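Written below as structure tokens is the structure these notes are about.
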Amino acid sequence: MLDIKLLRDQADHVRQRLATRGAGDEKFVDEVLALDDQRRKAVKEVEDLKAERNRSSKEIGALMGQKKLAEAEAAKVRVREIGDKITALDKQVAEVEASRDAILMRLPNLPHASVALGKDAADNPTIRTWGEKPTHAFKPKNHVELCQSLKLIDFERGTKLSGSGFLLYTGWGAKLERALISFLLDLHSTEHAYHEVSPPYIVGEHCMVGVGQFPKFRDQAYAVQEGNDASTMGKLYLLPTAEAPVANIHRDELLAESQLPVRYVAYSPCFRAEAGAAGLGTRGMIRVHQFDKVELIKIVKPEDGYAELETLVGNAEKVLQLLGLHYKVINLCTGDMGFASAKTYDIEVWAPGQNQYLEVSSCSNCEDFQSRRMNLRYKRESDGQNILPHILNGSGTALARLFVALVETHQQADGSILIPEPLQPYLKAERIA
RNA sequence: GGAGAGAUGGCUGAGUGGUUUAAGGCGCACGCCUGGAAAGCGUGAGUAGGCUAAUACCCUACCUGGGGUUCGAAUCCCUAUCUCUCCGCCA
């Protein structure tokens with residue numbers, strides 16, 4: 001959520017930055033400001049009335065103490081009228097405030113000044129590349145063929161169980177998935193000093209609101225219901241990313257400055273309805289309803305936010321370097337950025353069998369956009385002020401696509417997969433054949 | 001799932017309709033004291049909104065959330081959530 005004070009003080013700036021996203025949200029700024037103005041006028045009025053009621057009620061108490069009952073009764077009648085006005089005005093304030101916040105909650109974050117202007121993915125500048133596209137002395141197979149020939153995934157039976165977009169990992173496929181998860185958790189918790197956590201996979205609505213998934217992207221989530229009790233429907237949701245629970249760990253807390261920076265790493269499966277998304281229904285692992293991911297979350301002082309974003313991307317890149325996978329880092333342009341983010345780097349890994357780059361990580365600084373939504377602050381030591389920290393998230397990394405890049409890159413002419421050396425202790429094998 | 005008891009500030013803990021401006025204690029910050037500490041003594045300190053040049057004053061709200069009764073609610077009523085105890089079920 002954007003700071004209402006920023007909209008009041010720098011409306012033109014907010015409009016201009018929102019416009020760079022190309023979604024037309026800038027037109028809502030005036031609407032928010034009008035409602036805000038309306039709210040403040042009503043608040044002033046009702047608070048003055050409340051002050052008067054408080055004074056009068058005290059006087060009534062004193063009159064009753066002195067047994068001046070007739071005077072007290074007369075005063076009660078007067079104050080009751082004030083009370084009726086207050087009731088009506090309170091309701092009005094609540095309504096106006098709800099209208100204002102409903103719009104505010106749907107406004108995306110402002111892109112950071114360093115983000116490239118652009119319309120869509122075609123305008124995303126490449127920041128750097130690592131390694132090169134591997135050259136195979138044979139025509140590389142795609143992951144679907146490899147998974148079938150090595151029996152890593154049973155696509156048909158996955159679909160039989162849960163419909164299209166769900167995977168049944170089998171044998172070495174299941175072991176490889178498990179090995180990757182352990183490898184990633186160990187790398188980030190040991191080498192990169194993230195604190196490992198394992199969150200619930202079902203979260204309350206307030207967590208989804210906190211990270212900015214709701215209210216705007218409600219249709220992308222799987223809602224949960226307890227048995228046939230329809231009243232429980234939508235109180236809880238399957239998480240679309242571990243960001244939802246982990247970024248909310250300290251919601252409604254006032255942290256000490258000495259607690260920062262907070263860095264968490266968590267594994268979770270991710271569930272996405274992918275309503276209306278292209279690529280679902282086709283066989284493969286590129287776009288599915290459930291995939292595994294190891295997520296990195298940071299809560300840091302605002303002045304450290306952007307330096308921390310750079311190291312976050314570096315931590316995710318390290319995964320691909322250790323696994324010997326060619327990738328490029330791109331910066332999402334203003335028109336392609338996610339709702340809550342002020343600046344995002346995507347990491348795209350090369351998949352030879354697909355002959356394309358696949359997005360395996362998205363690293364963002366959401367600045368104080370989420371901390372304001374979830375009421376997370378820290379007390380600054382120098383002046384005792386309560387400050388909204390920056391919250392960052394990054395995939396470190398998503399697994400289904402990492403799996404694809406790994407098997408396609410390290411496939412051999414005989415159809416086997418060579419396992420990169422850092423992963424061998426986890427899989428307890430050097431080759432899948 | 002059933003029965004009962006609870007939720008008060010950073011922590012603890014009093015308060016059952018109007019001297020509560022939420023006592024007392026612990027902890028915290030500052031000062032006095034000290035060679036330096038501890039102890040002791042003193043002072044101060046919450047969050048959000050409104051009004052403001054102001055992080056000054058003043059006003060409003062906040063005792064888990066929501067709703068109600070009342071001139072007036074931490075206190076009475078309803079409700080949701082969570083915690084604890086016991087019973088049942090269960091990996």
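We name chains A, B, ... by the order of the sequence lines, and we start the count at 1 in each one. These numbers come from a predicted model, not from an experiment.
- Here A:R40 does not reach the OP1 or OP2 of B:G49: none of its side-chain N or O atoms lies under 4.0 Å away.
- One atom, CD of A:E71, and another, P of B:C71, lie 18 Å apart when rounded to the nearest Å.
- Rounded to a whole Å, the OH atom of A:Y378 is 20 Å from the P atom of B:G46.
- In terms of modelled atom types and a separation under 3.5 Å, the side chain of A:N331 and the main chain of A:T344 share a donor-acceptor contact.
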Item to complete: Might you work through the side chain to side chain contact (heavy atoms under 4.5 Å, CB included) test for A:R40 and A:R8, ending with a clear yes or no?
Response: CA-CA 12 Å; A:R40 285 201 280 174; A:R8 284 178 201 157; 3.5 Å; yes
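- Pairing of B:U16, defined by two Watson-Crick or G-U wobble distances under 3.5 Å, is not identified with any nucleotide.
- Rounded to whole Å, atom C1' of B:U60 lies 15 Å from atom CD1 of A:I82.
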Donor-acceptor pairs are to be reported for all side-chain atoms of residues 390-406 of chain A against protein atoms at under 3.5 Å, with residues two or more places apart or in another chain.
unit_1	atom_1	unit_2	atom_2	d
A:H390	ND1	A:N365	ND2	3.2
A:N393	ND2	A:E243	OE2	3.2
A:S395	OG	A:S362	N	3.0
A:R401	NE	A:I286	O	2.8
A:R401	NH1	A:E359	O	2.9
A:R401	NH2	A:I286	O	3.0

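- For the OP1/OP2 pair of B:A48 and a distance below 4.0 Å, the side-chain nitrogens and oxygens of A:R377 include at least one atom meeting the criterion.
- Set against B:C71, B:U81, B:C51, the side chain of A:K235 has B:U81 as its closest nucleotide.
- Residues A:Y237 and A:A221 share a closest heavy-atom pair of CD2-CB, 4.0 Å.
- Listed pair A:R53 / B:C71 fails the phosphate criterion, with no side-chain N or O lying under 4.0 Å from OP1 or OP2.
- Taking each heavy atom of A:R17 and A:T20 in turn, the nearest pair found is O-OG1, 2.6 Å.
- For B:U55 and B:G46, the C1' atoms lie 15 Å apart once the distance is rounded to whole Å.
- Distance noted for atom C1' between B:U47 and B:G42: 27 Å (whole Å).
- Rounded to an integer number of Å, the gap from CD of A:Q38 to C1' of B:G50 is 16 Å.
- Taking the P atom of each, B:U85 and B:C30 are spaced 41 Å apart, rounded to whole Å.
- Regarding A:E253, its CD atom lies at a distance of 21 Å from the P atom of B:G46, rounded to whole Å.
- Look at B:G1: its Watson-Crick or wobble partner, with both distances under 3.5 angstrom, is B:C87.
- Nucleotide B:U60 is matched to B:A48 when pairs are restricted to Watson-Crick or G-U wobble geometry with both distances under 3.5 angstrom.
- The separation between A:E59 atom CD and B:G18 atom P is 18 Å, rounded to whole Å.
- In terms of position on RNA chain B, the residue among A:V79 and A:R8 whose nearest nucleotide sits closer to the 5' end is A:R8.
- Rounded to a whole angstrom, the distance from the C1' atom of B:C63 to that of B:A54 is 31 Å.
- Across all strands, A:R78 comes closer than 4.0 Å to no nucleic acid atom at all (heavy-atom distances).
- Under the Watson-Crick or G-U wobble criterion, with both distances below 3.5 Å, B:U69 has no partner in any strand shown.
- A residue-by-residue look at A:M64 and A:K50 shows that A:M64 has its nearest nucleotide of RNA chain B further toward the 5' end.
- In this structure, B:G27 forms no base pair with any nucleotide, since neither Watson-Crick nor G-U wobble geometry is met with both distances under 3.5 Å.
- Within 4.0 Å (heavy atoms only), A:A51 reaches sugar-phosphate atoms of the nucleic acid but no base atom.
- Note on A:N386: a side-chain N or O is less than 4.0 Å away from OP1 or OP2 of B:U47.
- Using a 3.5 Å distance cut-off with no hydrogens or angles, the side chains of A:Y264 and A:E295 do not pair a donor with an acceptor.
- At a threshold of 4.0 angstrom between heavy atoms, the contacts of A:K41 with the nucleic acid are absent.
- Here the C1' atom of nucleotide B:G72 and the CD atom of A:E52 are 15 Å apart, to the nearest Å.
- For the P atoms, the distance from B:A3 to B:G88 is 15 Å, rounded to whole Å.
- Rounded to whole Å, the P atom of B:C41 lies 12 Å from the corresponding atom of B:G27.
- Between A:L332 and A:M337, the closest heavy-atom pair is O-CG, 3.7 Å.
- Comparing the P positions of B:U12 and B:U64 gives a spacing of 13 Å, expressed to the nearest Å.
- The closest donor-acceptor contact from the side chain of A:N109 to the backbone of A:A340 lies under 3.5 Å.
- Residue A:N54 places at least one side-chain N or O closer than 4.0 Å to OP1 or OP2 of B:U60.
- B:C77 and B:U60 have their P atoms separated by 28 Å, with the value rounded to a whole Å.
- As rounded to whole Å, 13 Å separates atom C1' of B:C59 from atom CD1 of A:I86.
- In this structure B:C33 sits in no base pair that meets the Watson-Crick or G-U test at under 3.5 Å.
- Here A:R39 reaches the OP1 or OP2 of B:G50: one of its side-chain N or O atoms lies under 4.0 Å away.
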